[in-house]
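The structure under discussion appears below in the form of C-alpha cells.
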Amino acid sequence: MDSQFIALVATLVVSVHGCRKTELPPISHTMFPEGFIFGAATAAYQVEGGWNADGKGPNIWDNITHERPSFVANNNNGDVAADSYHRYKEDVQLLENIGFQMYRFSVSWARILPNGRINNVNKAGIDYYMNLIDELLAKGIQPMVTIYHWDLPQDLENIGGWTNPEIVTIFEDFADLVFRTYGDKVKWWITINEPYMVTKGYGADSFAPAAYLDLHGIVEYQVGRNLLLAHAKAYRLYQKKYSQQKGKLSMAFTGIFSIPKTDSQEDIAAAERTYQLTFGWFSHPVFVGDYPQEMKNRIEQLSRQEGRNTSRLPPFTQDEIDEIRGSADFYGLNHYSTVFVAEGTDQSSSDPKPSAMSDIGVTTSVDPRWPTGASVWLKVVPQGIRLNVKKICEEYCNPDIIITENGYDDDGSKFTDDPERIYYLETYYAELRQTIYTDGCNLKGHISWSLLDIFEWRDGYTKRFGLVHVDYNNSNRTRTMKKSAYWLKNYIEMHKIYYK
Ligand code: BGC
C-alpha cells in the first residue's frame, strides 16, 4: 500500500468530526478488552462509622441524623455503619478475594479537618487513609479517591455550606492537603461525587443538610455554581502544583437519564432537555464550556414568566468559563437506571415550583415490565446505560469514560442469595461491551456500587447495595460475600486468565 494512502486511512480512523475516534477492537461477546478496569466503591459516611473517633469533627449527616432521627428510615444513622474505620483490612481482603483492581472510596472531610479548615488537621484521620491506601497498594489494588462524597463538615454548613462562595477556596485548600498527603500514591481522583445530587440537599429535603427549602429554584443553581468552581479550582491547582504525580481527575457526574416516551418530536425534545438540565448542567461546563444553551434559555424564559428581571441561573464570567472548561481527564459516570419522559408538567409531582426539577418541564414514567431493585427508582434498564455512554461520546468528543458507580439494591431478606444482582450486572455489562465494540466509545472501566451493604442515605440500612452482605445486628459487622460477588469473581478471573 502506498504510504499516502496509509496516512489517509489512519486519519479517517482517528478523526471523525474533529473528535478522537478509537479503532474498534475485535468483537468479543463475553469479555471486555484487555486492560479494562474492574473496581468496587464505597463512600466514607456510608461505611466508616467511627463518627466521633480519634478527633473527627461532626458533619452534616452526623448532625441531621442526631438532631432529626426521623429524617432517615428506622431512625438509622452512620455512627457505626459497617465499621470500616476499624475493619478496613477486612474490606481490602474482600476486594482482593473478588479480584478487583481498583477501590473507589471517599475521604471524610471532618475526619481529616474537624472544622473543615486547614488550620486544624487531625493526624489520626490522615493516618487512617494512609493506612487504607498502603493496604490497597500492598495487594495491587489501585485507589480512586473521592475528595467529597456529601459529608460536609458541620462547621462549614454553619456558614452556609455550598451556598457560600467562600466554600470554593475552602474546598481548594482541603483538596491541596489531600493531593499533597496522598498524591504520590493515588493516581485517580474524583473531586466531587454527583454535584447534581448535592444540589438536592439545598432547596429540597432529599439529602442533608435539607436546608434553604424556601429558596428552591434559586439556591440549587447557586450551589451548582459553587460546586463547579470548587472542582475547577482543585483541578487547576493539581495541574499547577502536582502534575508530576501524573494523576487523572474528574467528577462523578450524574443526572436523570431518560428515553422519550413516544417518538413524537415533543417527547424527543423532552428527553434531550432532561439530559441537558441534569447531566449537562455539570458536564457541559467541564467538557464544552458554560451551561448548555438550552438550560440557559429555558431558565431565563421561565424566570421572565415569573416576573423576574434576571435569570435564576446565575451566569459565569468568561474567566470562570475558561477555568472550568477542560477540567477533567476522563468522564466519571454514575449510572443506575433510566426513565421515560414526555413533554408536559407532572401535576401529581410534589416538586416545589420553581425548582431545578420543575424547570425541566417533563413527566416521567416507567415500563411496568422493567424489573425493579429494592428502591422504587431503581428499574433495571440495561439499554439505558449504553445510550448514556453513547450520549457522552457524542456530546463531549469521545472522552475516556469510567463508570464510577453502577449497581443494584436488594432488601436483605434473602441474605446472600441475589440472582437479581447477577442479572443486573450481566445485562448491564453486555450493553457496556456494545459501547466499546459497536459504538467505539472509550470506556475504560466499571466500578460496582457497592463493595459492602452501606448506609443508603434517607433509606438507612433498609436498602442493600452490597456485593458483600453486612450483618448490622452483629457487633463484628460480619461480612459475607453474596452470590453476585462470586459471579463477579469468576468473571474477572476469566479476563485475567484470557489476557495473561
Ligand atoms: C450515590 C451513592 C448512593 C447510590 C445509590 C449514588 O447517587 O453516589 O452514595 O448510595 O447512588 O443511591
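We number each residue from 1, following the sequence as shown. Counting starts at 1 for both ligands and their atoms, in listed order.
- No side-chain heavy atom of W51 sits under 4.5 Å from any side-chain heavy atom of Y85.
- Under 4.0 Å from ligand 1, not a single heavy atom of D409 appears.
- Between W150 and ligand 1, no pair of N/O atoms sits closer than 3.5 Å.
- No donor-acceptor distance shorter than 3.5 angstrom exists from the side chain of Y423 to the backbone of P371, with no hydrogens or angles considered.
- Summary of contacts: the protein heavy atom closest to atom 7 (O) of ligand 1 is E194 OE1, 2.5 Å.
- Within ligand 1, counting atoms from 1 as listed, the ones closer than 4.0 Å to a heavy atom of H149 are 1 (C), 2 (C), 8 (O), 9 (O).
- Only the side chain of N193 comes within 4.0 Å of ligand 1, counting heavy atoms alone; its backbone N, CA, C and O stay farther away.
- The single protein non-hydrogen atom nearest to atom 4 (C) of ligand 1 is Y336 OH, 3.4 Å, given as residue, atom name and distance.
- Not one N or O on the side chain of K463 forms a donor-acceptor pair closer than 3.5 Å with the backbone of D411.
- Ligand 1 places these atoms under 4.0 Å from at least one heavy atom of F465: 5 (C).
- Distance check: F253 CZ to N388 CG gives 12.0 Å after rounding to the nearest 0.5 Å.
- Remark: the backbone N or O of S375 is paired with a side-chain donor or acceptor of D409 at under 3.5 angstrom.
- Where the criterion is an N or O separation shorter than 3.5 Å, residue side chain and backbone included, Q46 meets it with respect to ligand 1.
- The shortest separation from a heavy atom of I454 to ligand 1 is under 4.0 Å, placing the residue in contact.
- For the side chain to side chain donor-acceptor pair (under 3.5 Å) criterion with W162, the lone passing option out of Y148, Y202, Y212 is Y148.
- Nearest protein heavy-atom neighbour of atom 6 (C) of ligand 1: E405 OE1, 3.0 Å.
- Taking the charged nitrogens against the carboxylate oxygens, K390 and E431 have no contact shorter than 4.0 Å, which rules out a salt bridge.
- In this structure, F36 places its CZ atom where more than 12 heavy-atom neighbours from other residues, nucleotides or ligands lie under 6.0 Å away.
- Contact annotation: W377 has at least one heavy atom less than 4.0 Å from an atom of ligand 1.
- Shortest contact from atom 10 (O) of ligand 1 to any protein heavy atom: E456 OE1, 2.6 Å.
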